[in-house]
Amino acid sequence: MTTANKITIFRILLIPFFVVEVLYYMKTGNETHRFSAMLAFGVSAICDGVDGCIARHCNQRSELGAILDPLADKLLLVSGVVLFSIPNAHFGSIPLWLTGTIIGRDLVILIGMAVIQITVGKVVVRPCSLGKAATVLQIICVAWILLKWDSGPGEPWFSIWTISAAIGTGLSGLIYVWDGVKQLSSHPASSAAPKQ
């Protein structure tokens with residue numbers, strides 16, 4: 001197993017710790033839990049950059065890494081988005097329409113990948129720039145709430161980040177669906193069967 005993949009697995013192992021610390025802070029309001037959650041989130045974000053850098057510069061790109069890296073991102077972000085969609089006394093909240101957009105896109109992509117895997121036999125994962133930008137915008141939304149910056153419904157900056165994240169997420173989802181349709185269309189299984 002490559003060093004980059006080991007770092008990615010470490011990122012995945014940080015997610016339960018992050019979730020538990022956020023839940024404890026929501027329940028108790030004890031700042032130690034919030035700082036622990038911020039630390040886990042920050043270390044995971046830094047490790048995301050480190051494992052990508054190692055994979056590129058040390059020629060450690062692998063099929064496992066191509067699956068694990070986006071999975072680690074998705075698990076962390078979806079965990080944060082879902083947690084911060086729950087109204088509570090200690091954190092601001094992420095609008096439910098953003099949560100629905102993120103989860104809806106990820107479910108469509110997951111179902112599409114399963115269909116391609118079953119039909120074609122192999123899914124080719126092609127990250128797009130807009131998808132990466134959407135991920136960054138989602139990270140900003142989660143970090144904004146973790147840092148307890150103004151995140152109410154009328155706060156202009158938070159509204160800008162959430163709307164941008166929703167647009168980027170939705171458009172990148174359409175790009176991934178289009179790419180999946182092209183992968184399916186190019187396979188003989190998608191062609192009409194000849195008449196007997």
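Position 1 is the first residue of the sequence, and the numbers go up from there.
Taking 4.5 Å as the limit, some side-chain heavy atom of F158 sits within range of a side-chain heavy atom of I145. Residues C141 and L98 have side chains in contact (heavy-atom distance under 4.5 Å, counting atoms from C-beta outward). With contacts defined as side-chain heavy-atom distances shorter than 4.5 Å, the pair R34/K148 qualifies. The side-chain heavy atoms of F91 and L83, taken from C-beta on, include no pair separated by under 4.5 Å.
Using the six-membered ring where Trp is involved, F18 and F41 have ring planes that are tilted, between 30° and 60° apart.
Linking ILVMFWY residues whenever their side-chain heavy atoms come closer than 4.5 Å, directly or via other members, leaves V108 and L110 in distinct clusters. Residues I139 and I46 do not share a hydrophobic cluster, clusters being chains of Ile/Leu/Val/Met/Phe/Trp/Tyr side chains in contact below 4.5 Å. One hydrophobic cluster, built from ILVMFWY side chains closer than 4.5 Å, holds both W157 and I167. Hydrophobic clustering places I160 together with L171 (ILVMFWY residues linked when any side-chain heavy atoms are closer than 4.5 Å, directly or through intermediates). By the rule that hydrophobic residues join a cluster once side-chain heavy atoms approach within less than 4.5 Å of another member, V136 and V50 end up as members of separate clusters.
Contact detail for F17 and A40: the closest heavy-atom pair is CD2-CB, 3.7 Å.
You'll find the ring centres of Y25 and F35 outside the 6.0 Å limit.
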Run the side chain to side chain contact (heavy atoms under 4.5 Å, CB included) check on H33 and M38 step by step: do they pass? CA-CA 9 Å; H33 295 298; M38 286 168 57; over 6 Å; no

Quick one, F10 with S44, criterion side chain to side chain contact (heavy atoms under 4.5 Å, CB included). Give me CA distance, side-chain angles, the key distance, then yes/no. CA-CA 8 Å; F10 172 68; S44 182; over 6 Å; no

Check step by step if side chain to side chain contact (heavy atoms under 4.5 Å, CB included) holds for L77 and I102. CA-CA 9 Å; L77 285 174; I102 292 168; over 6 Å; no

How far apart are the C-alpha atoms of F84 and V22, what are their side-chain angles, what is the distance that settles it, and do they pass the side chain to side chain contact (heavy atoms under 4.5 Å, CB included) test? CA-CA 9 Å; F84 294 141; V22 168; 3.8 Å; yes

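Within the model, atoms OG1 of T8 and NZ of K6 stand 12.0 Å from one another, a figure rounded to the nearest 0.5 Å.
Within 6.0 Å of atom CH2 in W97, more than 12 heavy atoms from other residues, nucleotides or ligands are found, so the atom counts as buried in its surroundings.
Defined by atom type and a distance below 3.5 Å, a donor-acceptor pair is present between the side-chain atoms of T2 and N5.
Among the candidates K74, K132, R11, the single residue satisfying the salt bridge (Lys or Arg N to Asp or Glu O under 4.0 Å) test with D48 is R11.
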